[in-house]
Novice: 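A single structure is presented below for examination.
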Amino acid sequence: MSRLISVSYEGKPCYDILLEQDFQMLPSQIAKLSDSFAKKVCIVTDSNLADLYLKELESILSNSFAKVISFCFPAGEEHKNLNTIQKLYETLITEHFERRDVLIAFGGGVTGDLTGFAAATYLRGIDFIQIPTSLLSQVDSSIGGKTGVDFSKYKNMVGAFYQPKFVYMNLSLLKTLPKEQFISGMGEIIKHGLIKSSEYFNWLKEHADAIQNLQPDILEEMIYRSCRIKQDVVERDPKEKGERALLNFGHTIGHAIERLSDFQLFHGQCVALGIAAACQMSRDLGQISDEECNDILSVLTCFGLPVSVCHLSAEDILAVSKSDKKMTAGKIKFILLESVGNAYSNTDITDEQIMSGISYILERSDSRREEEQADAAGF
Ligand code: GLY
């Protein structure tokens with residue numbers, strides 16, 4: 001089993017995405033980089049991945065590069081910042097990395113985003129390779145060249161568009177991915193179906209058991225289909241001037257919840273909450289039916305994603321949503337559903353309409369709390 005997707009950038013072939021079940025094909029991909037044996041490589045990874053797989057990867061790469069070093073930072077979104085970037089620059093300078101040398105992002109979205117940003121800026125740009133290991137980074141963040149770090153409490157506020165040399169996925173690594181991170185990746189995958197393909201959304205529903213049992217052929221098909229959807233969008237709009245913004249479906253309210261919960265919830269969980277709110281707003285506008293809205297919520301729930309949240313205030317979510325960077329000329333750019341499988345960007349949304357979406361995910365948690373209290377009281 002093996003799949004290949006070739007991604008173009010500004011109309012020209014740019015990089016390949018390989019879906020494999022092991023690392024066997026990695027050396028032959030590296031051999032395609034000119035003169036790799038004369039180059040140094042720095043594997044950038046986090047503390048979780050380093051314990052599990054770093055030795056294996058170092059040993060594979062030692063036959064392909066002149067020198068292999070590693071830079072390991074503590075796992076977690078709180079380390080996706082300029083301090084980690086500074087430490088990485090210091091390592092590269094100490095190890096005399098030159099412009100021809102290479103970085104490898106080995107990990108999830110945090111690793112990919114910050115390694116890509118370091119690659120874009122160190123010596124005005126050096127090559128980098130993505131080896132995404134989480135479901136979310138495989139289907140989303142490793143594709144399309146968005147790199148960057150959080151700044152203060154602002155997510156992805158500092159960054160650059162910078163394309164990798166190639167993206168290599170060893171899908172067998174998903175076996176050791178913590179369950180909650182797998183579920184988080186499903187938030188982005190369900191989003192792909194909702195914004196671009198009702199057929200894919202229905203396929204996900206039909207294959208829910210096989211997906212949750214990590215059946216390799218079904219997982220590969222799912223990751224391939226999600227990568228193809230993302231590829232199509234980023235090829236048409238690499239710098240998010242239009243269509244790419246549709247990928248932000250669920251992210252405006254999602255990012256606000258992520259920030260307000262101090263990044264204690266996973267990204268995909270926050271996206272699921274944002275999707276639930278955006279579905280309510282789409283229903284208010286008569287664009288999707290009650291049945292469709294309820295169906296979307298039940299699919300999110302079926303994959304273990306939240307559709308309600310406690311302990312946050314609607315006013316805070318609204319205020320933080322409006323300070324997110326997805327604004328055009330001071331107006332919030334909201335991604336809603338025209339129908340299931342077809343998203344659009346709406347810049348005429350009022351605070352009241354946003355509040356309806358936010359209340360929906362908060363109200364649900366209130367009613368659920370009452371049910372739980374009633375259950376606990378033995379009713
Ligand atoms: N994750 C959204 C994008 O790549 O545009």
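Note that this is a predicted model, so its numbers are computed, not measured. Just follow the structure's listing: the first ligand is 1, and inside any ligand the first atom is 1.
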Novice: Distance under 4.0 Å to a non-hydrogen atom of Leu247: what atoms of ligand 1 satisfy this?
Specialist: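 The list of qualifying atoms is 2 (C), 3 (C), 5 (O).
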Novice: Starting from atom 5 (O) of ligand 1, find the nearest protein heavy-atom neighbour and note its residue, name and distance.
Specialist: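 Nearest neighbour among protein heavy atoms for atom 5 (O) of ligand 1, to 0.1 Å: Arg244 NE, 2.7 Å.
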Novice: Side-chain donor-acceptor pair under 3.5 Å between Glu292 and Asn294, yes or no?
Specialist: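 Not at all, the side chains of Glu292 and Asn294 share no donor-acceptor pair under 3.5 Å.
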Novice: Which atoms from ligand 1 have a heavy atom of Lys146 less than 4.0 Å away?
Specialist: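 It comes down to these atoms of ligand 1: 2 (C), 3 (C), 4 (O), 5 (O).
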Novice: Give yes if a backbone or side-chain nitrogen or oxygen of Lys230 is under 3.5 Å from a nitrogen or oxygen of ligand 1, and no if not.
Specialist: yes
Novice: For Asp16 and Phe166, indicate whether the former's side chain and the latter's backbone hold a donor-acceptor pair under 3.5 Å.
Specialist: no
Novice: With a 4.5 Å heavy-atom cut-off, do Phe161 and Lys146 have their side chains touching?
Specialist: yes
Novice: Does the side chain of Val167 come within less than 4.5 Å of Pro132's, by heavy atoms?
Specialist: yes
Novice: Decide whether His192 and Ser226 meet the rule of one side-chain donor and one side-chain acceptor closer than 3.5 Å.
Specialist: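 Judged by distance alone, the side chains do pair up.
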Novice: For ligand 1, is there an N or O atom under 3.5 Å from any N or O atom of Asp140?
Specialist: yes
